[in-house]
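One structure is given here, and the rest of the page talks about it.
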Amino acid sequence: MNRAKVVFLGAPGTGKGTQAKKLSAKFGLPHVSTGDILRDAVKKGTEQGLKAKAVMDRGDLVPDEVILGIVENRLVKPDCAKGFLLDGFPRTLVQAEAFDKWDSVNCAIQIDVPDDVLVKRLVLRRTCPLCAAMYHLEYQPPRSQGVCDKCGTALVQREDDREDVVKSRFQVYMEKTEPLIGYYRQKDVLHNVNGNRDVETVFSEIVQIVEAVGEMNDEG
Ligand code: AP5
């Protein structure tokens with residue numbers, strides 16, 4: 001597939017990370033998650049990570065210039081030459097416009113899920129601090145309680161998955177990120193997907209969308 005440059009849009013918990021990981025495995029496109037990159041920096045205790053931690057823990061956005069630096073560094077790597085899957089970026093109009101100056105997105109996938117479903121998804125999410133595998137206590141529990149299936153590490157709840165922080169994240173999403181839906185609609189690359197269905201059903205719809213975009217690019 002030629003140059004599928006995909007951005008996932010959607011409120012916290014809509015399944016952007018879940019779907020981007022599956023798509024990455026299917027098409028061999030790199031999954032670029034700014035949230036994962038920041039959490040990795042926090043884990044390693046880098047200066048950038050230490051600064052980002054407090055912001056992330058309260059559900060705010062990390063400053064645009066920090067994020068733009070992270071994404072620019074990542075996208076120059078050779079694995080991104082064929083295309084990429086952006087998860088969690090861009091998140092503000094400033095980020096989207098800055099990104100468009102050095103590259104552009106040809107497929108924006110907006111995943112919609114009702115807010116009450118999202119709260120349940122987030123407060124019951126557990127993640128592996130070592131390999132970043134993700135679980136849900138009800139929909140996708142680990143085989144052994146509290147332990148990662150893949151690497152045996154004790155699972156944790158993300159600081160920003162506490163219910164009070166989840167509500168702030170929704171607020172920040174509405175104010176700062178939702179306007180991007182109109183931004184990509186105007187560019188005629190927006191696709192809406194109902195994310196309130198099981199993971200595989202959502203995935204097969206997203207695969208069809210990305211395949212159609214890839215075919216268009218292959219022809220063009
Ligand atoms: P980030 O990590 O990007 O968090 P987010 O956007 O809030 O998204 P989530 O990871 O919470 O949810 P998701 O949509 O990926 O859903 P998931 O697949 O995990 O960002 C974290 C923080 O970093 C931000 O708050 C900010 O501070 C900072 N940051 C990152 N990027 C930034 C940027 N560009 N600018 C500024 N700051 C930035 O699924 C959620 C749960 O639901 C899981 O348990 C999963 O198993 C379950 N699930 C998924 N799909 C389904 C389904 N279909 N049915 C049932 N359960 C499902």
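Values below: every heavy atom of this structure, side chains too, minus hydrogens, waters and symmetry copies. Note that the structure is a prediction, hence the values are computed from the model and not measured. We count ligands from 1, going down the list as the structure has it; atoms in each ligand are counted the same way.
Within the set Arg169, Arg91, Met56, the minimum heavy-atom distance to atom 20 (O) of ligand 1 is found for Arg91. Evaluated by nearest non-hydrogen atom to atom 16 (O) of ligand 1, the leading choice among Pro12, Ala52, Gly15 is Gly15. Residue nearest to atom 4 (O) of ligand 1, selected from Lys22, Arg158, Gln95: Arg158 (by heavy-atom distance).
Of all protein heavy atoms, the one lying nearest to atom 44 (O) of ligand 1 is Tyr135 O, 3.2 Å. The nearest heavy-atom contact from the protein to atom 26 (C) of ligand 1 is Asp60 O, 3.4 Å. Of all protein heavy atoms, the one closest to atom 49 (C) of ligand 1 is Thr18 OG1, 3.4 Å. In terms of protein heavy atoms, atom 15 (O) of ligand 1 is closest to Gly17 N, 2.8 Å. Of all protein heavy atoms, the one lying nearest to atom 47 (C) of ligand 1 is Arg121 CD, 4.1 Å. With hydrogens left out, the protein atom closest to atom 29 (N) of ligand 1 is Leu38 CD1, 3.6 Å, a heavy atom. In this structure, atom 14 (O) of ligand 1 lies nearest to the protein heavy atom Lys16 NZ, 2.8 Å.
Here the shortest heavy-atom pairing between Pro90 and Thr177 reads O-CG2, 4.5 Å. Of all the heavy atoms in Met56 and Gly35, the pair that sits closest is CE-O, 4.2 Å. Residues His136 and Arg121 approach most closely at CD2-O, 3.2 Å, considering heavy atoms. Taking all atoms of both residues into account, the shortest heavy-atom contact from Leu85 to Ala20 is CD1-O, 3.6 Å.
Counting only heavy atoms from C-beta outward, the side chains of Arg169 and Leu122 approach each other to under 4.5 Å. A 4.5 Å side-chain heavy-atom check between Pro141 and Tyr135 finds every atom pair outside the cut-off. Counting heavy atoms from C-beta on, the side chains of Leu23 and Phe8 come closer than 4.5 Å.
When only interatomic distances are considered, the shortest N/O to N/O separation between Tyr139 and ligand 1 does not fall below 3.5 Å. Between Val202 and ligand 1, not a single N/O pair is under 3.5 Å apart. Of the N or O atoms in Val62, one or more lie within a sub-3.5 Å distance of an N or O in ligand 1. For ligand 1, the polar-atom distance check against Asp87 finds no nitrogen or oxygen pair separated by under 3.5 Å. At least one N or O atom of Thr34 sits closer than 3.5 Å to an N or O atom of ligand 1. Where the criterion is an N or O separation shorter than 3.5 Å, residue side chain and backbone included, Gly88 meets it with respect to ligand 1. No N or O atom of Ile67 sits closer than 3.5 Å to an N or O atom of ligand 1. Residue Arg125 places at least one N or O, backbone or side chain, under 3.5 Å from an N or O of ligand 1.
Which parts of ligand 1 touch Val199 is read off a 4.0 Å heavy-atom cut-off, strictly below it: atoms 50 (N), 51 (C), 52 (C), 53 (N). Less than 4.0 angstrom separates some heavy atom of Gly13 from each of these atoms of ligand 1: 9 (P), 11 (O), 12 (O), 13 (P), 14 (O), 16 (O), 40 (C). Of all atoms in ligand 1, numbered sequentially from 1 with element shown, those under 4.0 Å from a heavy atom of Leu122 are 11 (O). Residue Gly195 approaches ligand 1 through these ligand atoms, each under 4.0 Å from one of its heavy atoms: 53 (N).
Ligand 1 is approached by Arg197 to a heavy-atom distance shorter than 4.0 Å. Every heavy atom of Tyr173 sits 4.0 Å or more from the atoms of ligand 1. Heavy atoms of Arg39 come nearer than 4.0 angstrom to ligand 1 in at least one pair. The shortest heavy-atom distance from Gly10 to ligand 1 is not under 4.0 Å.
Under a 3.5 Å cut-off, the side chain of Glu163 and the backbone N or O of Val119 do not form any donor-acceptor pair. With Lys53 contributing its side chain and Leu38 its backbone, the two residues share no donor-acceptor pair below 3.5 Å. Checked by atom type and distance alone, the side chain of Ser144 never pairs as donor or acceptor with a backbone atom of Val147 at under 3.5 Å. Of the possible polar contacts, one joining the Lys43 side chain to the Pro129 backbone as a donor-acceptor pair under 3.5 Å is found.
A salt bridge is defined here as a Lys NZ or Arg NE, NH1 or NH2 lying under 4.0 Å from an Asp or Glu carboxylate O, and Asp40 with Lys44 meets this definition. A salt bridge links Asp164 to Arg162: at least one charged side-chain nitrogen sits closer than 4.0 Å to a carboxylate oxygen.
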**Request:** Check the pair Asp100 / Tyr183 against side chain to side chain contact (heavy atoms under 4.5 Å, CB included), numbers first and verdict last.
**Result:** CA-CA 11 Å; Asp100 279 347; Tyr183 181 83; 2.3 Å; yes

**Request:** Check step by step if side chain to side chain contact (heavy atoms under 4.5 Å, CB included) holds for Val55 and Leu61.
**Result:** CA-CA 7 Å; Val55 178; Leu61 294 186; 5.7 Å; no

**Prompt:** Where do Glu159 and Val165 land on the side chain to side chain contact (heavy atoms under 4.5 Å, CB included) test, with the steps shown first?
**Reply:** CA-CA 8 Å; Glu159 283 291 325; Val165 186; over 6 Å; no

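By the criterion of a heavy-atom distance under 4.0 Å, the side chain of Gln140, and not its backbone, is placed next to ligand 1. Neither the backbone nor the side chain of Asn196 comes within 4.0 Å of ligand 1, counting heavy atoms alone.
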